[in-house]
Amino acid sequence: MAQIPGGGDANKKPQEEPVLYASIGFPPSESPSWYTLHRDNVSLTLRRIQEPLPSRLLSAVATIGTEMYVLGGSVGGNATSDVTLIDCRFRTSQPFPSMRRARSRAVAGAIGGKIYVIGGCRKKSDDWVEVFDVKARSWRVVPGVLPHAHWEGQFVTCAVMDDKIFVLDPTTCLVFDPIVGALVEWDDGVEMRSLWQASSCVVDDMLYTVDPGCSLKYPIVVYDPKAKERRWRPVCGVDLRRDLPPFDSWYDSKMANLGGKLVILVGSNPWPCFHHGTEEIWCVEIALERQGDDIWGHVESTTLVLTSRKWPSIELSRTVTL
């Protein structure tokens with residue numbers, strides 16, 4: 001069998017690696033563009049993708065493998081039903097069949113080769129939830145009883161755990177189970193909503209989020225929806241003053257799961273009206289380790305990854321596998 005230099009197997013598929021994509025805009029003059037997080041030796045940088053890949057304001061984005069699906073959003077101040085597939089291998093995009101309803105600030109999650117889109121429009125029992133079959137390239141609605149939630153479906157964020165989609169509403173937490181086909185209020189919604197922020201991600205079916213107020217003495221907390229005692233717990237070992245930059249914009253940061261580590265993109269200035277001089281985006285990498293019943297975090301790096309003369313707005317970050 002042929003060997004590649006260094007002793008590897010020439011027929012072995014190259015190892016897949018997670019890549020972080022971030023949508024960053026510079027309001028009010030520039031709409032969001034896609035950036036990727038690059039590592040050169042030991043340094044990290046955010047690099048803008050030169051190819052014209054769509055990144056609409058207030059869109060929902062779901063990822064499956066090497067692909068990102070940009071769903072709805074705002075175009076010229078109006079909601080759109082447009083759907084665009086981005087192939088991250090080749091940095092190309094193509095339009096996909098539109099949703100039945102225009103949606104802005106919806107949420108979306110991928111489960112079992114299907115993409116579920118929830119809200120982003122006024123509540124109607126017959127089409128508030130739509131599902132897209134990736135192989136068949138077709139949409140269908142998921143009718144059902146509507147839960148108590150924001151009447152226009154203006155959601156904060158969502159998380160896919162245990163093959164369910166958990167949704168953070170301004171007033172409650174919802175959960176959608178594709179097997180049952182029902183969107184209902186989560187029975188532990190008060191506790192879950194108490195600390196859940198837009199800057200959050202899922203690692204090993206558990207939800208991590210920032211808590212700059214250190215309600216549990218640490219700036220990162222974790223929630224396990226399958227635990228017997230469902231409550232937020234601290235990620236021990238991370239010190240806000242010792243390990244993290246002293247920014248006031250942690251609530252506006254964006255967190256992602258990058259190969260099992262937490263990666264947080266955070267700007268140095270949360271107030272565009274106070275913008276002056278050079279603005280910065282920093283990247284914080286946190287490795288996770290379970291010790292008994294506790295989860296510990298270790299800040300591996302805190303790196304300046306982007307500077308700009310304009311104030312940046314980090315819209316979202318997603319991880320794809322290339």
Side-chain angles (χ1 to χ4, degrees), residues 17-27 30-40 42-49 53 55-63 68 70 86 88 107 156-159 168 196-203 207-212 218-222 235 238 240 243-272 275 278-288 297-322:
E17 293 185 359
V19 177
L20 183 72
Y21 275 67
S23 175
I24 301 173
F26 298 89
E30 293 185 27
S31 58
S33 298
W34 286 107
Y35 289 72
T36 55
L37 187 65
H38 282 261
R39 186 186 302 275
D40 297 323
V42 295
S43 64
L44 287 171
T45 57
L46 277 174
R47 295 182 184 175
R48 183 171 180 170
I49 294 176
L53 302 181
S55 179
R56 294 182 290 271
L57 282 170
L58 307 181
S59 62
V61 176
T63 63
M68 291 194 299
V70 182
I86 297 177
C88 297
V107 293
V156 180
T157 189
C158 73
L168 177 58
W196 192 3
Q197 303 292 331
S199 184
S200 58
C201 72
V202 174
V203 179
L207 177 64
Y208 292 80
T209 192
V210 299
D211 178 24
Y218 292 96
I220 308 293
V221 292
V222 59
V235 175
V238 180
L240 186 63
D243 299 326
L244 304 180
F247 296 151
D248 295 321
S249 51
W250 285 103
Y251 288 111
D252 296 319
S253 66
K254 293 296 181 289
M255 178 189 290
N257 172 358
L258 189 65
K261 297 180 182 179
L262 304 181
V263 172
I264 308 172
L265 298 178
V266 56
S268 57
N269 176 17
W271 301 290
H275 161 67
T278 300
E279 299 293 344
E280 301 171 339
I281 293 180
W282 290 72
C283 176
V284 179
E285 291 183 289
I286 302 175
L288 301 171
H298 169 67
V299 177
E300 293 189 331
S301 68
T302 302
T303 310
L304 175 63
V305 291
L306 183 70
T307 59
S308 172
R309 300 292 296 179
K310 301 177 181 179
W311 180 79
S313 173
I314 308 168
E315 302 298 326
L316 56 83
S317 60
R318 293 290 187 271
T319 301
V320 298
T321 304
L322 300 180

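Within the 3.5 Å criterion, the main-chain N or O of V61 finds a donor-acceptor partner in the side chain of R318. Listed for the S23 side chain is no donor-acceptor partner under 3.5 Å among the backbone atoms of E315. No donor-acceptor distance shorter than 3.5 angstrom exists from the side chain of K310 to the backbone of F26, with no hydrogens or angles considered. The backbone N or O of I264 lies less than 3.5 Å from no partner atom in the side chain of S253, so there is not a single donor-acceptor pair.
Once rounded to the nearest 0.5 Å, the distance linking OG1 of T157 with CE of M255 reads 11.0 Å. Rounded to the nearest 0.5 Å, atoms CD1 (I220) and OG (S200) are 10.5 Å apart. A distance of 8.0 Å separates SG in C88 from CH2 in W34, rounded to the nearest 0.5 Å. If you take CG on L306 and SG on C283, they are separated by 11.5 Å, rounding to the nearest 0.5 Å. Rounding to the nearest 0.5 Å gives a distance of 11.5 Å between OG1 of T63 and CD1 of I86. From L316, atom CG reaches atom CD1 of I24 across 9.5 Å, with rounding to the nearest 0.5 Å.
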| task | Show your working on side chain to side chain donor-acceptor pair (under 3.5 Å) between S33 and R48 and close with a plain yes or no. | result | CA-CA 7 Å; S33 298; R48 183 171 180 170; 2.8 Å; yes

| said: Determine whether V19 and T319 satisfy the following criterion, side-chain contact (heavy atoms from CB on, under 4.5 Å), listing intermediate values before the conclusion. | reply: CA-CA 5 Å; V19 177; T319 301; over 6 Å; no

| Stepwise side-chain contact (heavy atoms from CB on, under 4.5 Å) check, V263 with S317 | CA-CA 9 Å; V263 172; S317 60; over 6 Å; no

| task | Give the intermediate values and the outcome of side chain to side chain donor-acceptor pair (under 3.5 Å) for residues S308 and E279. | result | CA-CA 5 Å; S308 172; E279 299 293 344; over 6 Å; no

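Residues P32 and L57 approach most closely at CG-CD2, 3.7 Å, considering heavy atoms. The two residues L207 and A159 have their closest heavy-atom pair at CD1-CB, 3.9 Å. Shortest non-hydrogen contact noted between V203 and G260 is CG1-O, 3.9 Å. In plain terms, the two heavy atoms of D252 and K254 that are nearest each other are O-NZ, 3.6 Å.
The closest side-chain heavy-atom distance from I286 to Y208 is not below 4.5 Å. Side-chain atoms of N257 and V202, non-hydrogen and from C-beta on, never get closer than 4.5 Å to each other. Side chains of V299 and V238 form a contact here, defined as non-hydrogen atoms less than 4.5 Å apart. Residues W311 and P27 have side chains in contact (heavy-atom distance under 4.5 Å, counting atoms from C-beta outward). D243 places none of its side-chain heavy atoms less than 4.5 Å from the side chain of T302. Residues L244 and W250 have side chains in contact (heavy-atom distance under 4.5 Å, counting atoms from C-beta outward). The shortest distance between side-chain heavy atoms of L53 and M68 does not fall below 4.5 Å. Under the 4.5 Å side-chain criterion, counting only non-hydrogen atoms from C-beta, L262 is in contact with C201.
For the 3.5 Å distance criterion, the side chains of T209 and Q197 fail to qualify, holding no donor opposite an acceptor.
Sorted by first then second residue, the salt bridge (charged side-chain N to carboxylate O under 4.0 Å, His left out) pairs that include residues 256-265, not counting sequence neighbours, are K261-E300.
Exactly one residue among T36, I281, T303, T307 makes a side chain to side chain contact (heavy atoms under 4.5 Å, CB included) with L46. That residue is I281.
Salt-bridge annotation for E17 and R39: absent, with no side-chain N of the basic residue lying under 4.0 Å from a carboxylate O of the acidic one.
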